[in-house]
Amino acid sequence: MIALQSELSAIAGAAFAAEGLSESFGQVQRSDRPDLAQFQCNGALAAAKAAKQNPRAIATKVAERLKANPLFAKIEIAGPGFINLDLTDAALAERGVTLSKDERLGAPATGEGKAMVIDFGGPNVAKPMHVGHIRSSVIGDSLQRLFRANGWAVTSDIHLGDWGLQMGQLISEIEHRGIAPVYFDANFTGPYPEQSPVTMDDLEEIYPAASAACKADEARLAEARQATAELQAGRPGYRALWQHFFNVSKVGLDREFGSLGIHFDLWKGEASVDPITVPMVEDLKARKIAVESEGALVIPVERNSDKKEMPPLILVKQDGAVLYGTTDLATIIDRVREQNPDLILYVVDQRQHLHFEQVFRAAEKAGIAGKAALEHAGFGTMNGTDGKPFKTRAGGVMKLFDLIAMVTAEAEKRLAEQGIGADYPPEERADIAKKVGIATLKFADLSNYRLTDYVFDLERFSKFEGKTGPYLQYAAVRIKSILRRAAEQGFATGAPAIHSPEERTLFLQLLALPDAMAAAEKGRAPNILCDYAFTLAQNYSRFYSEHHILSESDAALRAARLGLCAVTLAVLTKVLGLLGIEVPERM
Ligand code: ARG
């Protein structure tokens, strides 16, 4: 089915075209003044400028043409030449019924025939995930769900940080501690033990110690650098240790992401492109794209138009180690080979913007991106109520695991306050608390435009009132319960219909779903879906408080209202699903 705004824009566009003006002036949007009209078209103003005519005169001519269309109940010209439009209830109802029957609920097919790779999450092996990774995961997961729903062939990749200095730091720390001498024995010919010499907990303790040692002592840092270079050059004992770090980290990460309902198609990382790095570097050298600079190999990426300094991308350091930019460049080659995507989207902290600018420019210079557009969808920081980056109470870096425990505990408290689930089995209550906790976290993170820093105020975002995840879950659960009771009483559900202003408003919002999904895709902006879901829940709540549903004695009216409840639930569940939020069966 075609999105309502697109349908109306095409009709208005044709009217402009019939007046000898560009179709593009026919863009129709929801009205800024819902009290005056449902939709508006402002194209006459721009058309007037282009054609050097009077805007009201153009609006009048276009409006005359639109009046011939039975779709419209009201067409008015306002102000200097805005065209205000209302649809007939019959037209709205017909489209609402079509939407309710559509399996995809009218999701736009913007991605049809297109493939994308989405790079998000990006935790670093052996280092605990911090809030930046959490934001990347929550926003990235929502975007992968949205793009998929819009018809894109999506491949998500966690792109683990597993090839940098932290690996050399770990290795040299382990050598110092003498934990696993066999991996450092140059005469050992293998095979190395299958059992990891360290657990995830060990790594969490060893990494900060290693990093502190390197900060305090130049010699230790040099050792770590040396170990990194040797690892990358293929020293067998170091590679074997690396594999253990990777394996134990993956188990832990899988569990954490799983509990958030976040899944990746690929668990590749910086190290996975190691085999193609040397050939890439050789090729870039041969083509003179990479050049020698102070002992390092770099790709200059500055342009005449640059207003700020644009340092070159460093491919290989003096000591032979490759860097973050090198692996990112090789990863583009890998993705183009494997997926040949139309788009590679990087959901990464905005503070890495310069890095991506360098990588994208280098990729363009090298001509390695195929048909892929390369795009960085950055995000700002999640702050605590003190306005500083979110920390634990003790002032440490907030780990994902602790954050989930914190939001779940808060949800338990709120549920108890509301008296929800007091008589449910404990497992069900725990499951609800977990879902509510995760909704609290995800909605808080997604409801702000991604680039704006925001304050994670647990108190506010865990409430069952206001623009919060729990409020929306609760709204959906209430509709479920009405439908369940209707079924118990043997009430039929019919096609949704419009008999009142509240029903009309609700229909208009339901029909705006495809437009919201398209707009959210365009802006890589899940906050548009959050706004959409919140307005929908409010529109529903007004409908609910103004009408009898189960207590309606007119069977046809009751069936139509139950039908409206059902489609509202389907749409709300779908949008929450795009945000990665699950709706419990009951609350
Ligand atoms: N591991 C990186 C970090 O912790 C994020 C990786 C983002 N993705 C990428 N292709 N560079 O900052």
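Only this structure's heavy atoms are used, side chains among them; waters, hydrogens and symmetry mates stay out. Whatever order the structure lists them in is the order used to number ligands and atoms, beginning at 1.
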- [ ] For a side-chain contact (heavy atoms from CB on, under 4.5 Å) with Phe120, tell me which candidate from Ile262, Asp157, Leu143 qualifies.
- [x] Ile262

Task: Residue list, salt bridge (charged side-chain N to carboxylate O under 4.0 Å, His left out) with Asp334, at least two apart or on another chain - done: Lys268

TODO: Just jot down the salt bridge (charged side-chain N to carboxylate O under 4.0 Å, His left out) partners of Lys365, sequence neighbours excluded, or say none.
DONE: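 Salt bridge (charged side-chain N to carboxylate O under 4.0 Å, His left out) list for Lys365, sorted by chain: empty.
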
Task: NZ/NE/NH1/NH2 to OD/OE distance under 4.0 Å, Arg135 and Asp453 - done: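 Asp453 and Arg135: not salt-bridged.
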
Could you list, one pair per line, each nitrogen or oxygen of ligand 1 together with any protein nitrogen or oxygen closer than 3.5 Å, giving atom names and the distance rounded to 0.1 Å?
residue: ligand 1; atom: 1 (N); partner: Gly122; partner atom: O; Å: 2.9
residue: ligand 1; atom: 1 (N); partner: Asn124; partner atom: OD1; Å: 2.7
residue: ligand 1; atom: 4 (O); partner: Gly122; partner atom: O; Å: 3.4
residue: ligand 1; atom: 4 (O); partner: Asn124; partner atom: OD1; Å: 3.4
residue: ligand 1; atom: 4 (O); partner: Asn124; partner atom: ND2; Å: 2.9
residue: ligand 1; atom: 4 (O); partner: His133; partner atom: NE2; Å: 2.8
residue: ligand 1; atom: 8 (N); partner: Asp119; partner atom: OD1; Å: 3.0
residue: ligand 1; atom: 10 (N); partner: Asp119; partner atom: OD2; Å: 2.8
residue: ligand 1; atom: 10 (N); partner: Asp328; partner atom: OD1; Å: 2.7
residue: ligand 1; atom: 11 (N); partner: Tyr324; partner atom: OH; Å: 2.8
residue: ligand 1; atom: 11 (N); partner: Asp328; partner atom: OD1; Å: 3.4
residue: ligand 1; atom: 11 (N); partner: Asp328; partner atom: OD2; Å: 2.9
residue: ligand 1; atom: 12 (O); partner: Gln352; partner atom: NE2; Å: 2.8

Open item on the list: Test of understanding: with side chain to side chain donor-acceptor pair (under 3.5 Å), list the residues that count as partners of Lys285, not counting sequence neighbours.
Closed with: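 If we apply the side chain to side chain donor-acceptor pair (under 3.5 Å) test to Lys285, skipping adjacent residues, there are no hits.
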
Open item on the list: With a 6.0 Å cut-off (strictly less than), is the heavy-atom count around CD of Glu582, excluding the residue itself, greater than 12?
Closed with: no

